[in-house]
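Notes for the one structure printed next.
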Number of protein chains: 2
Amino acid sequence: MVSRMSVANSQPRRTRSGSRRDEAARLAVLHAADDLLAEHGFGALTVEAIARRAGVAKQTIYRWWPSKVEILLDTLIEDSGKRLPIPTDKPTAEGIRGYMRAFARFVTRDPAGKVLLALIAEAQHDPATAKLLHERHLGPRREQERDMLARAIDAGAISPGLGADAIDALVGAIVYRALTGSSVPYRLVDALCDDLLGARTG
Amino acid sequence: MVSRMSVANSQPRRTRSGSRRDEAARLAVLHAADDLLAEHGFGALTVEAIARRAGVAKQTIYRWWPSKVEILLDTLIEDSGKRLPIPTDKPTAEGIRGYMRAFARFVTRDPAGKVLLALIAEAQHDPATAKLLHERHLGPRREQERDMLARAIDAGAISPGLGADAIDALVGAIVYRALTGSSVPYRLVDALCDDLLGARTG
DNA sequence: TACGATAGACGCAACGTTGCGTCCAGACAA
DNA sequence: TTGTCTGGACGCAACGTTGCGTCTATCGTA
């Protein structure tokens, strides 16, 4: 969602048509979807609007993505991997609290966070979306988060009453606030971590 | 189960004559919406399908409800009021834990719980739905839940680190599990209560 | 008490609009 | 030649609206 370029206005003359997939068109579509969602909400996110905004033919979208949900999923995976990395270094209570803070920020302020909320929502309406979202994003990420917790438990940094399920409780509490339009201040995140992780975090 | 105030008791601005609103049709619509959602998901929930299922003309629906969201909201409010009452008696840790268990069951097993999840989802896509959902359901209910917690705190039955915000954390953790298709076993609810309410529940 | 007039509620059917997903023709690069 | 891109037309489904005819509960009048 960063660069505001579309294929159409990035270059006056179109030189990107050939036998290989047009990378500029791919990025333009991803960014257009991201921008439209952030600016006008999921309601305004139609394939036709994405095509218009990206300066790309509708058929180009359907050639590469089966549905607009998969477009959003692509942007989510790229963005969350980049902007919300899971700490892999020494597992401390501090580190986990930092990650949860970043997650809270991501889901309430980052446009890619809106994408996540929209996909969770869409998953309620459509089982196919639910399957994709779990397979490609929620599942793998939860796996890594549980690892993070498990390592911290092994190291004696935390001792959650819920075990590794504590991560769901933390994520869930934060996501729910975001879904209902509430803010998620750091002090709330910290209090959640204190209660659920069973650790002193200085 | 009624307590509707659509037209009948709003204002007798003119002398009433003619037929009154058909209560059977009203119930048929609410049940049809509920059934269709439970059976085929939100995706299959079209106004035309509701009309067909209810044995009612489409126009009859549009005469009384501005959108299908308001149909769902009506069923949610009636059903949650009936099947998920908020305890008003003596505020104990036990009572709160019982309520959270009932809530977990409601949101994972009761058809009306599916309605709640669908409306939370739809609220992500449409600001008007978000507003309605907050005004007519989430707001009032959260208010009562916070009261329940506050009274328990006053009575010394619990002492949550989050204060009255603990209710959001509990509800959020449970709703998130439901939204992501996970089960919410009682032992998980109990562990959440133990960690977040700061009370031994014997 | 009886009866006709009236105001709505309802069913049915058709309308124009929107977004979907598909398909095709033509242009162009490798 | 092959594969991608654009631009536009297409059929489909659901939307929300409208007009028309029927039915029925209530009111005014005799």
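In what follows, chains carry the letters A, B, and so on, assigned in the order in which the sequence lines appear, proteins first and then strands, with residues in each chain numbered from 1.
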Which residues pass the ring pair (Phe, Tyr, Trp, His ring centres under 6.0 Å) test with B:H125, not counting sequence neighbours?
A:F42, A:H125
Using atom CZ of A:R26 as one end and atom P of D:dC5 as the other, report the distance to the nearest whole Å.
12 Å
To the nearest angstrom, the CD-P distance between B:E23 and C:dA9 comes to 14 Å
Set of residues satisfying side-chain hydrogen bond (donor to acceptor under 3.5 Å, both in side chains) with respect to A:T129, sequence neighbours excluded:
A:D126
Can you pull every protein N or O that's under 3.5 Å from an N or O on nucleotides 18-23 of chain D?
unit_1	atom_1	unit_2	atom_2	d
D:dT18	O4	B:Q59	OE1	3.2

Could one point to a donor on the side chain of A:K58 or the base of C:dG21 with an acceptor on the other under 3.5 Å away?
yes
Considering only residues two or more places apart or on different chains, which pairs with a residue in residues 40-59 of chain B satisfy salt bridge (Lys or Arg N to Asp or Glu O under 4.0 Å)?
B:D35-B:R53, B:E39-B:R53, B:E48-B:K58
What is the minimum heavy-atom distance between A:L133 and A:A123, and which atoms define it?
CD2-CB, 4.2 Å
Got a sec, which residues hit side chain to side chain contact (heavy atoms under 4.5 Å, CB included) with B:A25, two or more places apart in sequence or on another chain?
B:D22, B:V56
B:L162 side chain reached by B:I167 side chain, heavy atoms, under 4.5 Å
no
Is the shortest side-chain heavy-atom distance between A:L138 and A:R142 below 4.5 Å?
no
Review item, side-chain donor-acceptor pairs of residues 170-177 of chain B, under 3.5 Å, at least two apart:
unit_1	atom_1	unit_2	atom_2	d
B:R177	NE	B:S183	O	3.1
B:R177	NH1	A:D168	OD2	2.7
B:R177	NH2	B:S183	O	3.0

Should A:M148 and A:P91 count as side-chain neighbours, where that means a heavy-atom distance under 4.5 Å?
no
Flag side-chain contact, heavy atom, 4.5 Å: A:F103 against A:V184
no
Note: contacts of residues 39-50 of chain B with DNA chain D (heavy atom, under 4.0 Å) are B:T46, B:V47, B:E48
Residues at least two apart in sequence or cross-chain that pass salt bridge (Lys or Arg N to Asp or Glu O under 4.0 Å) with A:R109, listed by chain then number, are none
I need the residues from residues 61-71 of chain A with at least one non-hydrogen atom less than 4.0 Å from DNA chain C; give them sorted by number, or say none.
A:Y62, A:K68
Throw together a table of side-chain donor-acceptor distances under 3.5 angstrom for residues 68-78 of chain A, partners on residues two or more places apart or in other chains.
unit_1	atom_1	unit_2	atom_2	d
A:K68	NZ	A:L45	O	2.9
A:D74	OD1	A:R136	NH2	2.9
A:D74	OD2	A:W65	NE1	2.9
A:T75	OG1	A:L72	O	2.9
A:E78	OE2	A:R26	NH2	2.4

Taking side chain to side chain contact (heavy atoms under 4.5 Å, CB included) as the definition, give me every residue that meets it alongside B:P111, ordered by chain and number, with sequence neighbours left out.
B:D34, B:A38
Does anything in residues 115-124 of chain B come within less than 4.0 Å of DNA chain D? Heavy atoms only, and list the residues if so.
none
